[in-house]
Number of protein chains: 2
Amino acid sequence: MDKQTITIYDVAREASVSMATVSRVVNGNANVKPATRKKVLDVIEKLDYRPNAVARGLASKKTTTVGVIVPDVTNMYFASLARGIDDVATMYKYNIILTNSDSNGEKEVNVLNTLLSKQVDGIIFMGNEITDKLREEFKRTKTPIVFAGSVDEQNIYARVNIDYTAAVQEEVKNLIDRGNKRVAFVCGPLEQAINGQFRLKGYKQALKSAGIPYDDKLVFETDDTYKTGTLLQPALMSVNATAAMVTDDELAAGIMNGMSDAGVKVPDDFEIITSNDTKLTEMVRPKMSSITQPLYDIGAVAMRLLTKLMHNEPVDEKDVLLPYGLMKRESTK
Amino acid sequence: MDKQTITIYDVAREASVSMATVSRVVNGNANVKPATRKKVLDVIEKLDYRPNAVARGLASKKTTTVGVIVPDVTNMYFASLARGIDDVATMYKYNIILTNSDSNGEKEVNVLNTLLSKQVDGIIFMGNEITDKLREEFKRTKTPIVFAGSVDEQNIYARVNIDYTAAVQEEVKNLIDRGNKRVAFVCGPLEQAINGQFRLKGYKQALKSAGIPYDDKLVFETDDTYKTGTLLQPALMSVNATAAMVTDDELAAGIMNGMSDAGVKVPDDFEIITSNDTKLTEMVRPKMSSITQPLYDIGAVAMRLLTKLMHNEPVDEKDVLLPYGLMKRESTK
DNA sequence: CTGTTAGCGCATTCAC
DNA sequence: GTGAATGCGCTAACAG
């Protein structure tokens with residue numbers, strides 16, 4: 001199947017110049033006399049010539065495409081990051097190969113390898129956990145890698161996040177200050193560093209500052225899904241929790257709806273604060289208070305950082321922390 | 001930046017065979033003696049050789065990547081389709097280059113051209129409107145194209161959808177049968193064929209069958225956003241509508257929340273039925289009744305169809321209609 | 001400012 | 001069953 005019929009050679013012949021010259025005008029090289037430039041441009045137009053990026057990639061060792069590994073685009077959180085990434089990529093003339101990993105370590109390794117075989121110029125990785133095997137693969141390549149919305153507890157890779165620990169600490173403190181003695185912490189898998197190390201740490205620090213002993217019965221490790229959230233109300237009640245810090249919006253929405261459906265009033269009887277500030281927080285009733293994160297920007301900044309890495313520009317900070325905030329809505333008092 | 005150091009030539013030398021033989025084993029060609037195959041495989045393992053897909057693409061004229069043009073991945077509807085596409089693509093050893101177009105005709109044309117310059121083997125297009133300029137561009141390429149969740153009123157391109165007209169007609173009929181004399185039709189831009197030609201047609205047909213005159217005051221053309229939905233309550237009330245057929249879930253959620261916030265009870269005082277059955281429908285209160293579409297499958301089937309086109313296999317039907325249904329929830333009586 | 005010459009890494013005839 | 005040769009379409013020195 002011939003996708004492309006006319007080549008740089010055709011326009012060279014037609015314009016009575018060498019292919020080098022055609023290459024120059026196509027690549028915007030200044031060293032071309034305006035007259036011949038115009039001549040070439042006219043032929044390109046006339047022949048409807050379109051440079052073959054694959055050949056170009058082989059010759060130049062640059063593909064102007066970056067690989068993006070994401071757990072699931074269907075998750076609004078990641079979709080927002082992906083959008084930020086794509087916009088900035090487009091801005092810098094890159095395209096993205098998007099792959100869903102389902103946070104599956106094996107898939108991540110596979111996908112990384114096919115991305116590398118396709119000679120992507122860089123990689124943006126989103127994933128809550130980095131297996132040793134994956135780290136090994138990362139280490140084997142010189143292709144620049146940036147983590148977006150994903151921590152690297154080993155402090156090796158460039159990444160952009162918010163300060164999850166501080167954010168959680170602050171909001172749990174607020175919950176406590178408002179009189180909640182028993183604040184639950186409902187999170188995704190604790191083996192994921194972002195939960196088990198960063199967020200949980202913030203939770204514990206807030207308790208400690210308030211002089212409240214840590215009770216692991218108040219920690220609910222889940223799979224981050226809406227469905228699971230809807231089923232949590234009885235368990236939450238049974239440990240006498242009066243508020244919950246939740247690490248995912250869909251999960252939080254599930255909890256809240258589960259509470260409401262069981263007749264528990266939010267926020268009067270139970271306060272909920274969530275973490276990702278996706279647009280879902282505005283769509284449920286009551287609207288959910290949330291830690292705010294600049295989702296789109298996390299993706300955008302990560303991609304911008306990657307362009308610097310790809311162009312060998314200096315980067316002043318590998319661990320970029322973007323500002324977070326709190327959006328008070330109706331699920332907290 | 002050398003992403004790849006060792007080539008097919010290195011393994012050929014190291015294994016004391018020709019590069020042709022290495023190429024054969026890499027590509028699973030049967031004409032290789034098991035012994036030499038093993039020898040080569042061992043060297044590949046030892047050298048950690050990874051075929052360069054770009055070079056392969058240039059030589060074979062196949063990139064095993066397809067371009068996907070989507071209005072916005074941040075929209076759950078499209079994210080679901082994209083997920084289906086990626087999964088099937090992966091299944092058939094393809095990768096996807098994902099690009100957001102914002103339904104902007106100019107961007108679509110640009111993106112299409114860069115996709116083609118990158119020699120993608122096929123394209124999946126999602127977009128509610130196809131400008132003439134875009135059709136022109138489509139026409140100029142031999143690269144297979146499939147529309148996913150996007151109609152082609154000119155009946156030229158392969159596509160997979162549900163029968164939007166029939167679905168809307170059916171649900172509007174139900175609304176009328178339940179006693180609603182004035183059913184509003186709230187949709188996205190009417191210049192988009194899917195709204196202006198398919199869905200609106202179903203709405204009109206339902207009215208006609210019921211002997212109710214068409215009143216264009218009941219048709220609300222919007223931009224499909226949640227925000228817009230929240231502002232629609234006064235207008236809807238002013239035309240004495242008692243129910244609405246809505247073409248987008250976020251839009252519908254906005255309308256519903258707008259109603260609730262204004263003290264209008266859904267579904268008692270106002271019935272709402274939406275169209276995309278994204279998970280949002282379950283998360284809002286009351287849960288929204290919706291036309292159901294197999295979102296993931298639309299993407300999956302579209303990608304499957306594209307593989308057939310790319311492999312020159314026969315396709316029996318260019319206009320694939322997947323089954324739709326109705327999920328009765330709480331926003332209708 | 002422009003042309004010539006080499007490859008980039010691999011698939012693919014065509015011989016052997 | 002295996003190797004040698006050629007070219008995919010383009011960029012990148014290197015001359016001139």
Side-chain angles (χ1 to χ4, degrees), chain A residues 1-41 43-44 47-65 93 114 116-121, chain B residues 1-41 43-44 47-65 93 114 116-121:
Chain A
M1 174 158 302
D2 45 328
K3 309 167 182 171
Q4 178 87 29
T5 5
I6 51 144
T7 74
I8 197 174
Y9 186 72
D10 296 322
V11 354
R13 186 169 25 71
E14 191 76 9
S16 313
V17 297
S18 71
M19 32 183 299
T21 298
V22 177
S23 177
R24 286 192 187 93
V25 343
V26 167
N27 291 299
N29 187 314
N31 291 352
V32 181
K33 204 197 304 178
T36 82
R37 174 186 303 280
K38 177 167 178 4
K39 187 171 56 176
V40 171
L41 252 18
V43 174
I44 287 180
L47 263 43
D48 193 27
Y49 166 70
R50 194 188 284 126
N52 180 325
V54 173
R56 204 197 291 230
L58 185 58
S60 70
K61 297 183 172 308
K62 283 183 178 50
T63 55
T64 64
T65 108
K93 310 287 186 196
T114 95
L116 292 175
S117 81
K118 293 208 170 175
Q119 314 301 117
V120 293
D121 295 337
Chain B
M1 175 156 303
D2 45 327
K3 309 166 183 173
Q4 177 89 28
T5 4
I6 51 147
T7 73
I8 198 173
Y9 186 72
D10 297 320
V11 354
R13 187 168 23 72
E14 191 76 10
S16 313
V17 298
S18 71
M19 33 183 296
T21 299
V22 178
S23 177
R24 287 193 187 94
V25 344
V26 167
N27 291 299
N29 188 313
N31 291 355
V32 182
K33 206 194 305 177
T36 80
R37 173 186 303 282
K38 177 170 177 8
K39 188 171 57 177
V40 171
L41 252 17
V43 174
I44 286 179
L47 262 43
D48 192 28
Y49 166 70
R50 195 188 283 126
N52 181 324
V54 173
R56 205 196 286 229
L58 184 58
S60 70
K61 297 185 172 305
K62 283 182 178 51
T63 54
T64 65
T65 109
K93 312 287 185 194
T114 97
L116 292 175
S117 81
K118 293 208 171 176
Q119 313 301 118
V120 294
D121 295 337

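A note on names: the letters A, B, ... follow the listed sequences, proteins ahead of strands, and every chain is numbered from 1. No hydrogens, no waters, no symmetry mates; every other heavy atom, side chains included, goes into these values.
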| task | Grab the CG-C1' distance between Asp10(A) and dC8(D) for me, whole Å please. | result | 13 Å
| message | At 4.0 Å (heavy atoms only), tell me whether Val54(A) reaches a base, stays on the sugar-phosphate, or touches nothing. | response | nothing
| task | Report the residues that fulfil side chain to side chain contact (heavy atoms under 4.5 Å, CB included) with Ala55(A), sequence neighbours left out, ordered by chain and then residue number. | result | Asn52(A), Leu58(B)
| note | Residue pairs meeting salt bridge (Lys or Arg N to Asp or Glu O under 4.0 Å), one or both in residues 20-41 of chain B, sequence neighbours left out, come to Lys38(B)-Asp42(B)
| request: Please report the closest heavy-atom contact between Ala15(A) and Val43(A), naming both atoms and the distance. | output: CB-CG2, 3.6 Å
| said: Rounded to whole Å, please give me the gap between CD in Gln119(A) and C1' in dC10(D). | reply: 16 Å
| note | Axis-to-axis angle across the helix from dC1(C)-dG16(D) to dC16(C)-dG1(D), five pairs each end, nearest 10 degrees, ~ 30°
| field | Residue Thr7(A), side-chain heavy atoms: nucleotide from dG3(D), dT4(C), dC10(D) that is nearest | value | dC10(D)
| request: Would you kindly give the CZ-to-P distance between Arg37(A) and dC1(C), to the nearest whole Å? | output: 10 Å
| Partners of Thr65(B) by side-chain hydrogen bond (donor to acceptor under 3.5 Å, both in side chains), sequence neighbours excluded? | none
| request: Report yes if a side-chain nitrogen or oxygen of Thr21(A) is closer than 4.0 Å to either non-bridging phosphate oxygen (OP1 or OP2) of dG3(C); otherwise report no. | output: yes
| query | Ser16(A): what forms a side chain to side chain contact (heavy atoms under 4.5 Å, CB included) with it, not counting sequence neighbours? | reply | none
| Whole angstrom value for the distance that separates P of dA11(C) from OH of Tyr9(B) | 17 Å
| field | Residues which pass side-chain hydrogen bond (donor to acceptor under 3.5 Å, both in side chains) with Thr36(B), listed by chain and number, not counting sequence neighbours | value | none
| Check: Asn31(B) main-chain N/O paired with Asn29(B) side-chain donor or acceptor under 3.5 Å | yes
| remark: When rounded to whole Å, the CG to P distance for the pair Asn31(B) and dT13(C) reads 13 Å
| task | Taking only the side-chain heavy atoms of Asn52(A) (C-beta and beyond), determine which of dC10(D), dT2(D), dT4(C) contains the nearest atom. | result | dC10(D)
| Residue list, side chain to side chain contact (heavy atoms under 4.5 Å, CB included) with Ser60(A), at least two apart or on another chain | Lys62(A)
| query | Does anything in residues 11-23 of chain A pair up under salt bridge (Lys or Arg N to Asp or Glu O under 4.0 Å), and if so which pairs, sequence neighbours excluded? | reply | Asp10(A)-Arg13(A), Glu14(A)-Lys46(A)
| Rounding to a whole Å, what distance do you find between Lys38(A):NZ and dT2(C):C1'? | 19 Å
| Taking the side chain of Leu58(A) as heavy atoms from C-beta outward, which of dG9(C), dG3(D), dT2(C) is closest to it? | dG9(C)
| field | Any Lys61(A) side-chain nitrogen or oxygen under 4.0 Å from OP1 or OP2 of dG9(C) | value | yes
| task | Could you run through nucleotides 11-16 of chain D and give me one letter per nucleotide, 5' to 3': B if any protein heavy atom sits under 4.0 Å from the base, S if only the sugar-phosphate is that close, - if neither? | result | BB-B--
